[in-house]
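Keep in mind that this is a model prediction, so the values were computed, not measured.
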Amino acid sequence: MARKFFVGGNWKCNGTSEEVKKIVSTLNDGQVASADVVDVVVSPPFVFLPLVKSLLRSDFHVAAQNCWVKKGGAYTGEISAEMLLNLDIHWVILGHSERRLLLGESNDFVGDKVAYALSKGLKVIACVGETLEQRESGATVEVVAAQTKAIAERISDWTNVVLAYEPVWAIGTGKVATPAQAQEVHYELRKWLQINVSVEVAESTRIIYGGSVSGANCKELAAQPDVDGFLVGGASLKPEFVDIINSATVKSSA
């Protein structure tokens, strides 16, 4: 089963109104592979979601960078899945390593968030990944399997889930997992899904790579059989994001 390439741009906590308009303008002018070859989703900070939604080309989608674990209420500073849908936002990133590490989001909490967002009709980019210490101790597969298990235990339908493998040691550091390292973990994640969920889910679920992806390294990474796209950080704020989107053609012409 051919899996459609997926490229997400995580803008993190960056930008002013003027800078956001400039980024959107660059994307709108970009010559990119058609929507039947690649899904493109950009994720600005919450405060810019309506602005980006109103200006962005119609073949690209908009995602939030997080949402709350249940319905809204007395949760100061949080944004609910229902609010995102009210803004016509249909994608959300959950479980990013920065939230796991800086804000202490546990595997179970992330699993609960994914389940709730899906139950409300959002599509989810669910992030997993190991720290440098965990990689060096040989625990990579064990760590990402535990993170994935916490999601798998809470959901039955994987149709609207994209799994993003982001080795923490490669995020924003300039260090990139080699294509072989990325492929190895993606292969292990797919094998885990095959054994613990189903063959069908393993074959159809897109597993994307994140961690210092750039215009320079994207094609080689995209050529790996189990790499179905990218979750891009810093480079998604730059014109080279268009080049990363177009690495989808590596897959479509293979």
Side-chain angles (χ1 to χ4, degrees), residues 1-11 23-44 49 52-64 84-85 87-94 117-118 121-127 157-166 179 182-183 186-187 189-190 193-194 197-210 213-233 235-254:
M1 179 189 301
R3 294 178 296 270
K4 189 175 175 186
F5 209 74
F6 185 102
V7 177
N10 177 12
W11 297 2
I23 294 165
V24 171
S25 176
T26 300
L27 293 177
N28 287 349
D29 292 342
Q31 299 293 311
V32 298
S34 67
D36 57 355
V37 172
V38 59
D39 283 329
V40 180
V41 178
V42 297
S43 189
L49 286 172
V52 173
K53 180 78 180 168
S54 69
L55 297 176
L56 189 67
R57 55 196 292 169
S58 61
D59 54 337
F60 288 6
H61 307 279
V62 181
L84 295 178
L85 291 164
L87 289 179
D88 202 26
I89 303 295
H90 296 278
W91 282 93
V92 64
I93 299 170
L94 294 174
L118 290 171
L122 283 172
K123 297 176 181 179
V124 175
I125 301 165
C127 303
D157 185 354
W158 285 75
T159 312
N160 289 327
V161 178
V162 171
L163 208 53
Y165 167 59
E166 295 201 298
Q183 167 58 23
H186 284 230
Y187 170 83
L189 278 168
R190 207 174 297 287
L193 289 173
Q194 186 177 348
V197 183
S198 73
V199 172
E200 184 185 29
V201 165
E203 286 181 357
S204 61
T205 299
R206 292 176 288 186
I207 305 176
I208 62 176
Y209 170 77
V213 177
S214 68
N217 61 32
C218 58
K219 285 189 176 175
E220 197 179 355
L221 285 161
Q224 303 304 307
D226 288 298
V227 174
D228 302 316
F230 303 113
L231 185 56
V232 185
S236 69
L237 301 166
K238 302 171 186 171
E240 71 183 290
F241 187 58
V242 172
D243 300 327
I244 298 170
I245 295 168
N246 284 328
S247 67
T249 57
V250 171
K251 277 284 197 289
S252 63
S253 60

Problem - D228 side-chain N/O to L163 backbone N/O, donor-acceptor pair under 3.5 Å - result: no
Exercise for the section: Verify, without hydrogens or angle tests, whether R57 (side chain) and L27 (backbone) share a donor-acceptor contact under 3.5 angstrom. Expected result: yes
Problem - Aromatic plane relationship, Y209 with F230 - under 30° parallel, 30 to 60° tilted, over 60° perpendicular - result: perpendicular
Handout entry: Donor-acceptor contact present, side-chain K53 to main-chain L87, <3.5 Å
Key = no
Problem - Gap separating the OG1 atom of T159 from the CG atom of L118, nearest 0.5 angstrom - result: 9.5 Å
Exercise for the section: Begin from the C-alpha positions of V32 and V38 and carry the test side chain to side chain contact (heavy atoms under 4.5 Å, CB included) through to its verdict. Expected result: CA-CA 9 Å; V32 298; V38 59; 5.8 Å; no
Completion exercise
Sorted by chain and residue number, the side-chain hydrogen bond (donor to acceptor under 3.5 Å, both in side chains) partners of S34 (sequence neighbours excluded) come out as D36
Problem - Under 3.5 Å donor-acceptor, N10 side chain and G233 backbone - result: no
Exercise for the section: Using modelled atom types only, decide if a donor and an acceptor are shared between the side chain of S236 and the backbone of F241 within a distance under 3.5 Å. Expected result: no
Practice task
Taking N28 for its side chain and L55 for its backbone only, find out whether a donor-acceptor pair lies under 3.5 Å.
Solution key: yes
Practice task
Using modelled atom types only, decide if a donor and an acceptor are shared between the side chain of K4 and the backbone of A35 within a distance under 3.5 Å.
Solution key: yes
Completion exercise
CZ of R190 to CD1 of I207, rounded to nearest 0.5 Å, is 4.0 Å
Problem - Non-neighbouring partners of A235 that pass side chain to side chain contact (heavy atoms under 4.5 Å, CB included), sequence neighbours left out - result: V232, E240, I244
Exercise for the section: Given side chain to side chain contact (heavy atoms under 4.5 Å, CB included), test L231 with V162 step by step and report yes or no. Expected result: CA-CA 10 Å; L231 185 56; V162 171; over 6 Å; no
Handout entry: K251 (side chain) donor-acceptor with Q224 (main chain) under 3.5 angstrom
Key = yes
